[in-house]
Visitor: 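The structure follows.
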Amino acid sequence: MKIVVIGGTGLIGSKLVSKLRERGHEAVAAAPNTGVNTITGEGLAEVLKGAPVVVDVSNSPSWEDAAVMNFFQTSTRNLLDYEAAAGVGHHVALSVVGTERLLESGYFRAKMAQENLIKGSSIPYSIVRATQFFEFVKGIADYSTADNKVLLPPALIQPMAADDVAGAVGRIATGSPLNGTIEVGGPEQFRLDELVRRALAARHDPRQVVTDPHARYYGIEVSERTLVPGDDARLGETRFETWLNQSVGQIPSTKPRSAA
Ligand SMILES: NC(=O)c1ccc[n+]([C@@H]2O[C@H](COP(=O)([O-])OP(=O)(O)OC[C@H]3O[C@@H](n4cnc5c(N)ncnc54)[C@H](OP(=O)(O)O)[C@@H]3O)[C@@H](O)[C@H]2O)c1
């Protein structure tokens, strides 16, 4: 089956393309550097020809409020319009667990707008909401760093490996449209502050993690269960400790930088 992966060169997209090809599908990585741009429409009509399924795992280059809203609205509208013209029968999109609880952030308002456009279109769809990727934990630390200290609330978090996200999205993409939303998460829950403490220690990152119930997550006030999925979520297999042991040798730098 021809499956077009929008954002197919990104973290999830590249893993998804490999997995789909291993299973014998014709997976096409679509991104600006392969000649497909969902904002301008460049290359969309050509790449969608003969594709029954499109998976959108793209992300906005900027997370500034107006820019990210413009990205997800324009990109999703263009995609859905071109898909309708091409006769695509299944639109799959990757979103985030708890999006409706995180609307204080412009990023999540944009993800909600993306979801609503998909639900309002005529194309059969599946929305896969994933929890935070293990690969994203350092980004959380960087965003929450001030004066070399990382301030985080002890909220629950159930992160998962990007590889397991790609596996889950691949299974949904090769099945029938859900015309609904499914949640995927990791196999274990952690306290956010403790998770980041473990991730930094494994990298010999000297930053101290300070637990502060009033600290924000990406500028958002979160409560105990804001970030965790419901009881019906499908769970990935990879445990954080296993991933950390495998990935820590490949980490190039421990230097803090600002995220987003
Ligand atoms: N981070 C998390 O923990 C988390 C959790 C749950 C869900 N998600 C969702 O997962 C999705 C994928 O995230 P990711 O980390 O894999 O993203 P990523 O690594 O930043 O990759 C983004 C992809 O989008 C492509 N792209 C950017 N602008 C484009 C355009 N105008 N047209 C077509 N493609 C474009 C990029 O191509 P270029 O490289 O060529 O620019 C790249 O292939 C996001 O939608 C995010 O909301 C993330």
Side-chain angles (χ1 to χ4, degrees), residues 2-14 16-17 27-130 132-133 136 139 143 162 165-166 169 172-173 177-181 218-220 259-260:
K2 180 177 177 184
I3 301 175
V4 174
V5 180
I6 305 291
T9 58
L11 173 64
I12 301 299
S14 53
L16 176 60
V17 166
V28 181
N33 63 18
T34 71
V36 181
N37 191 322
T38 53
I39 298 299
T40 62
E42 181 199 350
L44 266 181
E46 292 77 10
V47 80
L48 296 184
K49 266 184 209 152
V53 181
V54 173
V55 184
D56 184 5
V57 287
S58 65
N59 209 351
S60 174
S62 164
W63 291 10
E64 184 274 321
D65 283 5
V68 70
M69 180 62 84
N70 182 52
F71 177 86
F72 279 113
Q73 284 191 326
T74 308
S75 169
T76 306
R77 279 197 188 107
N78 281 341
L79 254 182
L80 293 168
D81 284 353
Y82 278 92
E83 286 176 22
V88 170
H90 190 185
H91 178 96
V92 182
L94 182 57
S95 191
V96 189
V97 161
T99 290
E100 76 283 4
R101 300 188 287 273
L102 296 163
L103 298 177
E104 205 184 328
S105 145
Y107 185 83
F108 291 98
R109 291 196 292 277
K111 292 300 289 184
M112 190 55 101
Q114 176 191 18
E115 289 192 7
N116 288 337
L117 285 166
I118 294 166
K119 289 176 185 168
S121 88
S122 60
I123 318 261
Y125 71 92
S126 303
I127 294 171
V128 182
R129 280 185 167 189
Q132 290 67 36
F133 313 153
F136 187 61
Y143 188 88
V165 178
V169 173
I172 299 290
L178 303 171
N179 291 317
T181 301
Y218 268 91
I220 313 161

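All values below were derived from every heavy atom in this structure, side-chain atoms included, with hydrogens, water molecules and symmetry-related copies excluded. This is a predicted model, so every value here is computed, not measured.
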Visitor: Atom CD in Glu46, atom OH in Tyr82: separation rounded to 0.5 Å?
Guide: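 OH of Tyr82 is found 8.5 Å from CD of Glu46.
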
Visitor: Below 4.5 Å, heavy atoms only, C-beta onward: do Lys119 and Ile127 meet side chain to side chain?
Guide: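 SC-SC contact between Lys119 and Ile127 confirmed.
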
Visitor: Quick one: closest heavy-atom pair of Leu16 and Ala166, and the distance?
Guide: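 That would be CD1-O, 3.5 Å.
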
Visitor: Is the backbone of Ile118 close enough, under 3.5 Å, to the side chain of Ser121 for a donor and an acceptor to pair up by distance?
Guide: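 Pair found, side chain donor or acceptor close to backbone of Ile118.
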
Visitor: Are any side-chain N or O atoms of Ser126 and backbone N or O atoms of Leu178, one a donor and one an acceptor, separated by less than 3.5 Å?
Guide: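 Judged by distance alone, yes, a pair lies under 3.5 Å.
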
Visitor: Just do the side-chain contact (heavy atoms from CB on, under 4.5 Å) check on Ile6 and Val57 with the steps written out, would you?
Guide: CA-CA 6 Å; Ile6 305 291; Val57 287; over 6 Å; no

Visitor: Tell me, with the steps shown, if Glu42 and Val36 meet side-chain contact (heavy atoms from CB on, under 4.5 Å).
Guide: CA-CA 5 Å; Glu42 181 199 350; Val36 181; over 6 Å; no

Visitor: Looking at Val55, Val165, Val92, Val97, which one forms a side-chain contact (heavy atoms from CB on, under 4.5 Å) with Val128?
Guide: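 Testing each of Val55, Val165, Val92, Val97 against Val128, the sole residue satisfying side-chain contact (heavy atoms from CB on, under 4.5 Å) is Val92.
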
Visitor: So, for Gly106 and Asp65, which heavy atoms are closest and what is the spacing to 0.1 Å?
Guide: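 That closest heavy-atom pairing would be CA-OD1, 3.4 Å.
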
Visitor: Are Asp56 and Tyr125 close enough that a side-chain donor and a side-chain acceptor fall under 3.5 Å?
Guide: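 Absent: no donor and acceptor within the cut-off.
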
Visitor: Take the angle between the ring planes of Phe136 and Trp63 and call it parallel below 30°, perpendicular above 60°, tilted in between.
Guide: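 Plane angle between 30° and 60°, so tilted.
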
Visitor: If you measure from NE2 on His91 to OG on Ser122, what distance do you get to the nearest 0.5 Å?
Guide: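 His91 atom NE2 to Ser122 atom OG measures 11.5 Å (nearest 0.5 Å).
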
Visitor: Compare all side-chain heavy atoms of Phe108 with those of Val68 and state whether any distance is below 4.5 angstrom.
Guide: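 They are not in side-chain contact.
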
Visitor: Looking at every heavy atom in both Val17 and Ala27, which two are closest together, and how far apart are they?
Guide: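 Scanning both residues completely, I find the closest heavy atoms to be O-CB, 3.9 Å.
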
Visitor: For Glu104, check salt bridge (charged side-chain N to carboxylate O under 4.0 Å, His left out) against everything at least two apart and list the hits.
Guide: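 Counting only residues at least two positions away or on another chain, Glu104 forms a salt bridge (charged side-chain N to carboxylate O under 4.0 Å, His left out) with Arg216.
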
Visitor: For the backbone of Leu94 and the side chain of Lys111, can you confirm whether one donor and one acceptor N or O come within less than 3.5 Å of each other?
Guide: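 Such a contact is found between Lys111 side chain and Leu94 backbone.
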
Visitor: Let's go through Val4 and Val53 carefully: what are the C-alpha distance in whole Å and the side-chain angles of both, what is the deciding distance for side-chain contact (heavy atoms from CB on, under 4.5 Å) to 0.1 Å, and is it a yes or a no?
Guide: CA-CA 7 Å; Val4 174; Val53 181; over 6 Å; no

Visitor: Any ion pair linking Arg109 and Glu100 (charged N to carboxylate O, less than 4.0 Å)?
Guide: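 No, no charged N to carboxylate O under 4.0 Å.
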
Visitor: Between the side chain of Lys2 and the main-chain N/O of Val28, is any donor-acceptor distance below 3.5 Å?
Guide: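 Flag not set: sc Lys2 to bb Val28 has no pair under 3.5 Å.
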
Visitor: With no hydrogens and no angle check, is any side-chain donor or acceptor of Asn78 less than 3.5 Å from a backbone partner on Thr38?
Guide: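 Yes, because the side chain of Asn78 sits within donor-acceptor range (under 3.5 Å) of the backbone of Thr38.
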
Visitor: I need the Asn37 CG to Thr34 OG1 distance, nearest 0.5 Å.
Guide: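 The distance works out to 10.0 Å.
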
Visitor: Counting distance only, does the side-chain N/O of Thr99 pair as donor-acceptor with the main-chain N or O of Val96 below 3.5 Å?
Guide: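 Side chain of Thr99 to backbone of Val96: a pair is present.
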
Visitor: Which distance, rounded to the nearest 0.5 Å, do you find between the CE of Met69 and the OG of Ser60?
Guide: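 These two atoms lie 11.0 Å from each other.
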
Visitor: Which heavy atom in Ala51 sits nearest to a heavy atom in Val88, and how many Å separate them?
Guide: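 That would be O-CG2, 3.4 Å.
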
Visitor: How long is the straight-line distance from CG of Asn59 back to CG of Leu11, given to the nearest 0.5 Å?
Guide: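 The distance works out to 10.0 Å.
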
Visitor: Checking the side chain of Thr74 only, and the main-chain atoms of Phe71 only, is there a donor and an acceptor separated by less than 3.5 Å?
Guide: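 Not at all, since once roles are kept as given, no pair shorter than 3.5 Å links the two residues.
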
Visitor: Of all the heavy-atom pairs spanning Ala173 and His90, show the shortest one and how long it is.
Guide: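 Heavy atoms of Ala173 and His90 come nearest at O-ND1, 3.8 Å.
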
Visitor: For Asn179 versus Pro124, what's the shortest heavy-atom pair and its separation?
Guide: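 Closest approach of Asn179 to Pro124: OD1-CA, 3.3 Å.
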
Visitor: To the nearest 0.5 Å, what is the distance between CG on Leu103 and CZ on Arg101?
Guide: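 So the gap between those two atoms works out to 10.5 Å.
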
